[in-house]
Amino acid sequence: MEPLYEEYLANRGTIVKPYYWLSFSLDCSNCPYHIRTGEEARVPYTEFYQIFGFPYGPTYPQPKHLTFYELKTSSGSLVQKGHASSCTGNNTHPESMLFETNGYFDSTIYNNDGIRHIILYSNHSPCNEADHCCISKMYNFLIMYPDVTLSVYFSQLYHIEAEFPASGWNREALRSLASLWPKVTLSPISAGIWHSLLTNFVSGVSGSTVLQPILTGRALADRYNAYAINAITGVKPYFMDVLPQTKEYPNIAAQAALESYALNNVFAGQSFQVTSEQPQPNLTPDLRVPVIFVLVPFRDLPPIHVDQNLYKPRNVVRHLNMPQMSFQEAKDLRRPPIAMPVERAEITEQLASTKEVDEKKKKKKKGKK
């Protein structure tokens, strides 16, 4: 079975057409090479700031999607790093490209049994809208490779507010993906992870830029993301809060105010007010004032080991029934044929008809007796 992509050797890595039929397009500045590996994956600092909203905070609206990734062994050794960018011409998100059946991740991990952990750093959380089905593809990929774990870090939640028609689907899909914990983790980018991204994926940055403190606007957005993803999935994310604690503005008060705002913004029409005996201060921080904190260097989280008898999560796609199989059964299922769903339907019909024939034979035998 031929892969969907085409990969070419470049000066500092490789460049990849995620779909072999893509060509240069005036509608998309990144076409046709949306996946870049090695040092080719680095982007200019101005582009990183505009898309990820660092160091000042999110920029609205943000139509572009950019995902950095790392492929690692079970011991944490880096096998490959790269990035995938969205295609504005074909309206395709990075996660949809990377996790496509017979796509880049499928082929790369199929041919390298040493890869056990995928880490994504995205400016948007993955969605499951009809035009993209990113989470559905990620879910199917993880079923196909049960020994692979996934960590997703994001700088902004995508279309989870009630004002978006697909927000309900996106929240439900995030819950289903998070239910694969500890195989899957969903967390906001925070603290030292920002500095790790600057070091590994951004070009033209000096030492002072890499070690700059997290500004208040960015820290508040990261905290909001942590509260919101916890409220949606019910799973506590990996998050390092760098906001200061002072006597004048107790951290508990700031936490209550922000948490209330976050939850009410995500779940419109529902009240999540947090009360406190202390009066709530009017928090209007200057979003460009740096947060004073002790810089803790980011270290890679230890690889996640998954029990083979992991609790089976709910189906992700609202109109598609996932195959009823355990992770152990899926381990032996390498590359199913394209017509697998059709074949299964035919087999089911045959089995059903066979059962009917058997029942008729039994009735005839009873009648003779």
Side-chain angles (χ1 to χ4, degrees), residues 3-10 12-19 33-43 52 65-86 93-126 134-135 137-155 177 180-187 189 192-193 196-203 238 298-306 327 330-331 334-335:
L4 292 176
Y5 68 91
E6 291 181 349
E7 188 168 16
Y8 303 90
L9 186 65
R12 302 182 300 160
T14 63
I15 53 178
V16 182
K17 287 201 296 184
Y19 305 106
Y33 305 112
H34 285 279
I35 302 175
R36 295 175 177 268
T37 71
E39 292 304 303
E40 290 288 336
R42 291 186 180 271
V43 299
F52 277 80
H65 293 244
L66 181 63
T67 297
F68 300 112
Y69 71 82
E70 293 175 329
L71 306 180
K72 296 189 175 184
T73 64
S74 57
S75 63
S77 300
L78 181 66
V79 177
Q80 185 189 100
K81 73 173 184 177
H83 85 231
S85 57
S86 59
H93 289 173
E95 296 89 349
S96 179
M97 297 178 187
L98 291 172
F99 290 93
E100 190 85 58
T101 301
N102 301 324
Y104 191 69
F105 275 0
D106 190 3
S107 178
T108 300
I109 296 179
Y110 180 79
N111 292 290
N112 190 332
D113 292 335
I115 298 174
R116 287 291 181 267
H117 193 39
I118 300 174
I119 307 176
L120 303 182
Y121 308 95
S122 304
N123 68 315
H124 287 301
S125 59
C134 301
I135 294 180
K137 293 179 181 180
M138 296 165 76
Y139 184 99
N140 291 334
F141 177 90
L142 293 169
I143 292 292
M144 192 63 60
Y145 295 97
D147 293 332
V148 176
T149 58
L150 173 66
S151 296
V152 180
Y153 295 93
F154 57 89
S155 64
L177 191 61
L180 286 170
W181 184 93
K183 183 181 177 69
V184 176
T185 58
L186 299 170
S187 307
I189 300 174
I193 302 179
S196 177
L197 291 178
L198 290 173
T199 301
N200 298 322
F201 293 102
V202 180
S203 60
Y238 171 81
F298 170 70
R299 293 181 177 85
D300 294 335
L301 296 176
I304 303 172
H305 299 284
V306 183
F327 283 114
K331 186 175 182 180
R334 299 301 290 177
R335 289 178 177 272

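Fair warning: this is a prediction, and the values are worked out from it, not measured in the lab.
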Work out which heavy atom in Leu142 is nearest to a heavy atom in Val148; give both atom names and the distance. CD2-O, 3.8 Å

What I'd like to find out is whether the side chain of Ser122 reaches to under 4.5 Å of the side chain of Glu95, using heavy atoms alone. yes

What orientation do His83 and Phe68 show, parallel under 30°, tilted 30 to 60°, or perpendicular over 60°? perpendicular

Quick one: closest heavy-atom pair of Leu177 and Ile135, and the distance? CB-CG2, 4.1 Å

Exam field: side chain Thr108 to backbone Tyr104, donor-acceptor pair closer than 3.5 Å: yes

Would you compute the distance between atom CD1 of Ile115 and atom OG1 of Thr149 and round it to the nearest 0.5 angstrom? 11.5 Å

Check whether any side-chain N or O of Asn123 sits under 3.5 Å from a backbone N or O of Leu66 as a donor-acceptor pair, and report yes or no. yes

Tell me whether the rings of Tyr121 and Tyr153 are parallel (<30°), tilted (30 to 60°) or perpendicular (>60°). parallel

Between the side chains of Asn102 and Tyr5, is a donor N or O closer than 3.5 angstrom to an acceptor N or O? no

Centroid separation under 6.0 Å, is that true for the rings of Tyr69 and Phe105? yes

Side-chain heavy atoms of Ile189 within contact of Leu197, under 4.5 Å: yes

For side chain to side chain contact (heavy atoms under 4.5 Å, CB included), just list the numbers for His117 and Ile119, CA-CA rounded to whole Å, side-chain angles, deciding distance to a tenth of an Å, and then say yes or no. CA-CA 7 Å; His117 193 39; Ile119 307 176; 3.6 Å; yes

Spacing of Trp181 atom CH2 and Leu186 atom CG [to the nearest 0.5 Å]: 13.0 Å

Once you round to the nearest 0.5 Å, how far does OH of Tyr19 lie from CD of Glu6? 14.0 Å

Shortest non-hydrogen contact between Ser96 and Lys137, atoms and distance: OG-NZ, 2.6 Å

Would you say Pro126 and Val152 make side-chain contact, with heavy atoms under 4.5 Å? yes

Of all heavy-atom pairs linking Pro94 and Ser85, the shortest is CG-C, 3.9 Å

Do Ser86 side-chain atoms and His93 backbone N/O form a donor-acceptor pair below 3.5 Å? no

Can you find a pair of side-chain heavy atoms, one from Lys72 and one from Arg116, that are under 4.5 Å apart? no

Would Phe141 and Ile118 count as a side chain to side chain contact (heavy atoms under 4.5 Å, CB included) if you check the C-alpha gap in whole Å, the side-chain angles of each, and the deciding distance to 0.1 Å? CA-CA 12 Å; Phe141 177 90; Ile118 300 174; 3.7 Å; yes

To the nearest 0.5 Å, what is the distance between CD1 (Ile109) and CG (Leu71)? 6.0 Å

Which heavy-atom pair separates Arg36 from Ala41 by the least distance, and what is that distance? O-CB, 3.5 Å

Got Lys81 and Phe201 here, is their nearest side-chain heavy-atom distance under 4.5 Å? yes

Donor-acceptor under 3.5 Å (Asn111 side chain, Ser107 main chain): yes

As an exercise, state the distance from CD of Gln80 to CG of Leu78, rounded to the nearest 0.5 Å. 8.5 Å

For the pair Asp106 and Thr101, evaluate side chain to side chain contact (heavy atoms under 4.5 Å, CB included) and give the outcome as yes or no after the intermediate values. CA-CA 6 Å; Asp106 190 3; Thr101 301; 4.2 Å; yes

Does some side-chain heavy atom of Lys17 sit less than 4.5 Å from a side-chain heavy atom of Tyr8? yes

Determine, step by step, whether Asn200 and Ser196 satisfy the side-chain hydrogen bond (donor to acceptor under 3.5 Å, both in side chains) criterion, reporting the C-alpha distance in whole Å, the side-chain angles of both residues, the deciding distance to 0.1 Å, and the verdict. CA-CA 6 Å; Asn200 298 322; Ser196 177; 3.2 Å; yes

dist Leu180:CG -> Thr185:OG1 (nearest 0.5 Å) comes out at 11.0 Å

Does any non-hydrogen side-chain atom of Met138 lie less than 4.5 Å from one of Phe99? yes

Could you go step by step and tell me if Thr14 and Tyr33 meet the side chain to side chain contact (heavy atoms under 4.5 Å, CB included) rule? CA-CA 10 Å; Thr14 63; Tyr33 305 112; over 6 Å; no

